[in-house]
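Heads up, the thing below is written out as structure tokens.
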Amino acid sequence: MLSEKNVYLYVRLTHTQTEIDMKKKSTISILKSAIARTSKFWDTQSTKTDKSNYWLRGSIFDKKESMFKDRTEKESRFDHFALAQYQRAITNFVHIMTGNKDITVKYTANGNSYTDGKTVTLSASIKEKDFDSNVGLALHEASHIIYTDFSLAKESIWGLDSFLDNTDKLTSTEKIKLNDSFGTRQNFKTIINIVEDLFIDAMSYAAAPGYRSYYQALYHKFFGDEKIIKGMRNKKYMEVNFENYIFHLCNVRNPERNLKALPDLEAIWNKLDLSNIRRLTTQQDRINLSTDILITILKNVLNSETQTNSNNTNQEQQSGSSESEGNEGSEGNESEGNEGSEGNEGSEGNESEGSELKISDSDGDNSEYALTEKQINQLEKIFEKQQKFINDDVQKTKLTKDASLQVEALSSLDITEVMTAKHLNNESSTFKGVKTLVINNVTEKFMRSDIARGFGLSIHSWYARSESLEHAISLGKVLAKRLQVRNEERSLASKRLKSGKIDNRMLHEIGFDNYDIFKKVNVSQYKPSYIHISIDQSGSMSGERFEESVKFATMFAVASKSIKNLHVVITARSTFHSGGNNKLKDTPYIVYLFDSKKHNINDIRRVFKYIKTSNLTPEGLTFEAIQNEVMKSSVNTDAYFINLCDGEPCVDYNGFIYRGDDAKAHSRKQVDKMKQRGVNVMNYFFGGQYEYSKFLKTYPKNSYMLKNAEEVNSIVKIMNRELLSGASKQND
């Protein structure tokens with residue numbers, strides 16, 4: 001930056017000491033304000049997650065460690081669920097930006113990668129300081145997908161040698177001097193990428209103002225370091241070579257750019273014309289500009305190299321000539337030098353003549369704006385990262401292949417977090433409730449992953465109910481026939497009325513002065529019914545009780561496909577069970593397995609075949625989590641909630657115990673809320689009388705005991721009684 005020494009020399013001859021001090025302060029304050037302006041431009045605050053939290057369902061950075069940490073096991077490095085949230089959210093951004101839902105967003109498992117027009121690769125780092133910049137990076141890569149013709153850019157880079165051989169913009173002498181030592185092709189690739197980045201970011205910045213904070217975070221991370229401002233005025237970066245041209249081009253966005261640092265740098269700036277960069281509408285336009293910039297740099301670098309070689313030759317000749325002279329000449333020179341040094345005042349005057357506010361370099365000057373050797377090393381690393389960013393070679397935090405598959409499996413799901421039981425622990429003022437996961441869909445990718453086992457679902461399970469499932473499907477068809485009353489309509493026609501619809505059979509009576517020829521038909525039909533069946537998937541349900549519950553749910557799922565006004569939804573609930581080091585361990589969840597409006601009988605086979613018991617019994621926690629969804633789905637219907645369980649709620653939530661009378665009371669409260677809001681609740685228990693008596697302590701009302709799901713007659717009797725009570729009449 002500006003040297004205080006040079007400021008002093010500039011003003012000493014014409015200013016008083018007070019004026020000198022004021023001038024020094026003024027100049028330094030200008031420099032400081034330049035730093036402040038640059039900091040403001042890069043918006044250092046944009047790295048905070050307040051830019052991201054509005055589109056995430058709760059901050060993933062609220063806690064320093066997982067709230068489900070298993071203290072007996074080594075903590076996993078990554079929170080797979082948080083990464084999945086992150087991936088889903090950014091995927092939505094990328095799809096909105098590109099308008100293409102086929103673009104894949106994934107994490108790197110094999111090191112660095114680049115956008116190829118079909119995939120955006122993210123870093124597995126979800127540190128708070130990196131979050132917004134990673135969003136910005138994903139959006140930047142998405143912009144490449146929209147605007148960049150990857151094949152044309154690649155062809156131009158590979159065809160560079162042929163172009164340079166045939167161009168008339170380089171002289172034959174310059175072409176001869178041109179060699180691979182410049183790394184011309186790699187530098188040309190970097191120039192193309194710089195121009196491309198300037199264009200695509202200008203397009204996206206203008207088209208999507210809401211995303212600007214993410215771009216600011218991204219560019220602050222790679223281009224906002226204060227040492228860059230100093231480097232642009234450092235002697236090291238003002239030497240004429242290819243690397244320094246690339247350095248200044250990389251940082252051309254910076255408002256404190258130094259266009260006097262290198263020959264023709266200002267001409268390159270004028271060619272870029274950043275305020276009008278969107279004029280370069282085609283890929284070829286941007287390649288042509290990149291080529292012009294390359295030629296400009298090549299000419300200056302070649303010219304500088306020729307001049308350097310010439311100077312070295314002259315210095316060698318002068319050195320040889322000096323050595324051949326005698327000692328007498330040497331003495332004469334010494335005398336002349338001493339004579340010249342006597343006039344200190346004149347010397348200062350000569351030094352100050354052309355020294356108008358010169359820029360300091362790292363020659364030992366003590367100015368606070370000079371770069372130390374350590375800072376230069378740091379700046380070299382910053383410059384290296386910039387080039388990697390520009391050339392799509394950003395170092396990304398890696399996931400193992402297995403971890404990457406788990407994250408992708410989770411991100412394929414539609415998962416909602418709901419905080420439940422917030423007021424259950426009155427003793428703790430810091431208790432925020434229990435995070436309960438609502439999984440709204442089950443995908444093939446998810447079921448094939450290892451992580452699905454923790455949710456009681458796995459295609460790779462050693463056990464799969466095949467014969468029993470087919471038997472349940474056949475029972476479902478029987479159930480549908482016995483519940484067909486829901487499809488029936490009854491009509492009562494009233495004839496010989498004075499108004500209504502004309503009865504064609506009565507028209508002939510007009511000739512006999514009978515004008516009561518109208519009729520009215522009253523049609524009685526049933527309102528649509530909504531049945532939500534929820535299966536307790538806890539370990540205590542394991543065995544015959546769970547098999548009968550799955551069979552029961554399967555029967556209703558199959559029946560719903562034959563009854564036109566019956567909407568059936570089936571869920572399963574438990575807590576995540578992990579044999580490994582997973583941060584989801586013991587998290588309460590409820591997963592939607594079937595929806596008759598979306599799925600068919602083949603979907604029943606695909607999913608129900610592999611349902612198994614999982615872990616603990618969250619009961620009321622999951623009922624609370626889906627209350628609003630049940631209410632929403634049951635609008636204008638006869639609504640029923642069927643609970644299949646053993647009646648023993650139990651969860652150990654990060655030291656908070658959910659069991660016993662308090663848990664039972666909380667579960668009862670949730671079903672009572674459903675009843676108050678017009679939902680009919682039925683609780684089914686499979687087993688013997690002794691266990692059923694315990695079940696009734698949790699659910700004393702509207703409870704039924706069955707030995708097995710094949711008691712179709714009992715089920716039909718109960719259901720028809722409930723369903724028939726919902727009949728309503730509509731007039732036609």
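- Between the OG1 atom of Thr372 and the CD1 atom of Ile376 there is a distance of 7.0 Å, given to the nearest 0.5 Å.
- Side-chain polar atoms of Thr571 and Tyr589 form no donor-acceptor pair below 3.5 angstrom.
- Arg185 is listed as a side-chain neighbour of Asp161, based on a closest heavy-atom distance under 4.5 Å.
- If you check the side chains of Gln216 and Tyr211, you find no donor sitting under 3.5 Å from an acceptor.
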Check step by step if side chain to side chain donor-acceptor pair (under 3.5 Å) holds for His144 and Asp197. CA-CA 8 Å; His144 271 302; Asp197 285 357; 3.1 Å; yes

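- Between the side chain of Thr167 and the backbone N or O of Lys169 there is at least one donor-acceptor pair closer than 3.5 Å.
- A distance-only check finds a donor-acceptor pair linking the side chain of Arg286 to the backbone of Leu280 [under 3.5 Å].
- Side-chain contact check for Ile451 versus Phe446: some heavy-atom pair is nearer than 4.5 Å.
- Looking at every heavy atom in both residues, Asn244 comes nearest to Met238 through ND2-N, 3.9 Å.
- Using modelled atom types and a 3.5 Å distance limit, the side chains of Thr296 and Lys271 yield a donor-acceptor pair.
- No side-chain heavy atom of Ile192 sits under 4.5 Å from any side-chain heavy atom of Leu294.
- Thr420 OG1 to Leu621 CG: the interatomic distance, rounded to the nearest 0.5 Å, is 4.5 Å.
- Side-chain N/O atoms of His577 and Asp586 include no donor and acceptor closer than 3.5 Å.
- Asn300 and Asp264 make their closest contact through ND2-OD2, 3.0 Å (heavy atoms, listed as atom of the first residue, atom of the second, distance).
- Asn270 contributes a side-chain N or O that, together with a main-chain N or O of Glu266, makes up a donor-acceptor pair within less than 3.5 Å.
- For the pair Val195/Ile287, no side-chain contact is recorded, criterion being any heavy-atom separation below 4.5 Å from C-beta on.
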Under the criterion side chain to side chain contact (heavy atoms under 4.5 Å, CB included), I'd like the reasoning laid out for Thr416 against Asn440: C-alpha separation, chi angles, the key distance, then a yes or no. CA-CA 8 Å; Thr416 306; Asn440 298 297; 3.4 Å; yes

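- Distance check, rounded to the nearest 0.5 Å: CD1 of Ile200 to CG of Asn193 gives 9.5 Å.
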Mind running side chain to side chain contact (heavy atoms under 4.5 Å, CB included) on Tyr592 and Val438 for me, showing each step along the way? CA-CA 8 Å; Tyr592 281 77; Val438 180; 3.8 Å; yes

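- Shortest non-hydrogen contact noted between Ile277 and Ala202 is CG2-CB, 3.4 Å.
- Side chains of Glu141 and Leu137 form a contact here, defined as non-hydrogen atoms less than 4.5 Å apart.
- Using a 4.0 Å cut-off between charged side-chain N and carboxylate O, Lys221 and Asp132 make no salt bridge.
- The pair Glu239-Lys235 fails the salt-bridge criterion, with no side-chain N (NZ, NE, NH1 or NH2) lying under 4.0 Å from an Asp/Glu carboxylate O.
- Rounded to the nearest 0.5 angstrom, Asp225 CG and Lys230 NZ are separated by 9.0 Å.
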Check against side chain to side chain contact (heavy atoms under 4.5 Å, CB included), Ile293 and Leu249: CA-CA 10 Å; Ile293 292 172; Leu249 271 176; 4.0 Å; yes

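- Side-chain contact check for Asp149 and Ser151: at least one donor-acceptor pair (N or O, by modelled atom type) lies under 3.5 Å.
- With hydrogens and angles left out, the side-chain atoms of Asn441 and Asp414 include no donor and acceptor closer than 3.5 Å.
- Between the side chains of Asn251 and Gln386, at least one donor-acceptor pair of N or O atoms lies under 3.5 Å.
- Checked against a 6.0 Å centroid threshold, the rings of His140 and Phe389 count as neighbours.
- At least one side-chain heavy atom of Ile382 sits less than 4.5 Å from a side-chain heavy atom of Lys227.
- Scanning all heavy atoms of the two residues, the minimum distance from Lys236 to Asn234 falls at N-OD1, 2.9 Å.
- Contact detail for Leu413 and Val442: the closest heavy-atom pair is CD2-CA, 4.2 Å.
- Annotation for Arg253 and Arg257: closest pair O-NH2, 3.5 Å, computed over non-hydrogen atoms.
- For the pair His248 and Tyr237, the minimum side-chain heavy-atom distance is below 4.5 Å.
- Checked against the 6.0 Å centroid threshold, Phe576 and Phe455 count as a close aromatic pair.
- Here the straight-line distance linking atom CD of Gln627 with atom NZ of Lys632 works out to 15.0 Å at 0.5 Å rounding.
- The aromatic rings of Tyr147 and Phe199 sit perpendicular, their planes meeting at an angle over 60°, well past the 30° parallel limit.
- Of the charged side-chain nitrogens involved, none lies within less than 4.0 Å of a carboxylate oxygen, so that Asp285 and Arg279 do not count as a salt-bridged pair.
- Atom CZ of Arg278 is surrounded by 12 or fewer heavy atoms from other residues, nucleotides or ligands within 6.0 Å.
- Counted by atom type alone, Asn288 and Gln284 present one or more donor-acceptor pairs between their side chains at under 3.5 Å.
- One distance of note links CD1 of Ile295 with OG of Ser290; it measures 12.0 Å at 0.5 Å rounding.
- For the residue pair Asn241 / Ser304, no side-chain donor-acceptor distance below 3.5 Å is found, with atom types taken as modelled.
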Please report the C-alpha distance between Ile390 and Phe222 in whole Å, then the side-chain angles of each, then the deciding distance to 0.1 Å, and finally whether the side chain to side chain contact (heavy atoms under 4.5 Å, CB included) criterion is met. CA-CA 10 Å; Ile390 288 166; Phe222 288 99; over 6 Å; no

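- Counting heavy atoms from C-beta on, the side chains of Asn391 and Lys189 come closer than 4.5 Å.
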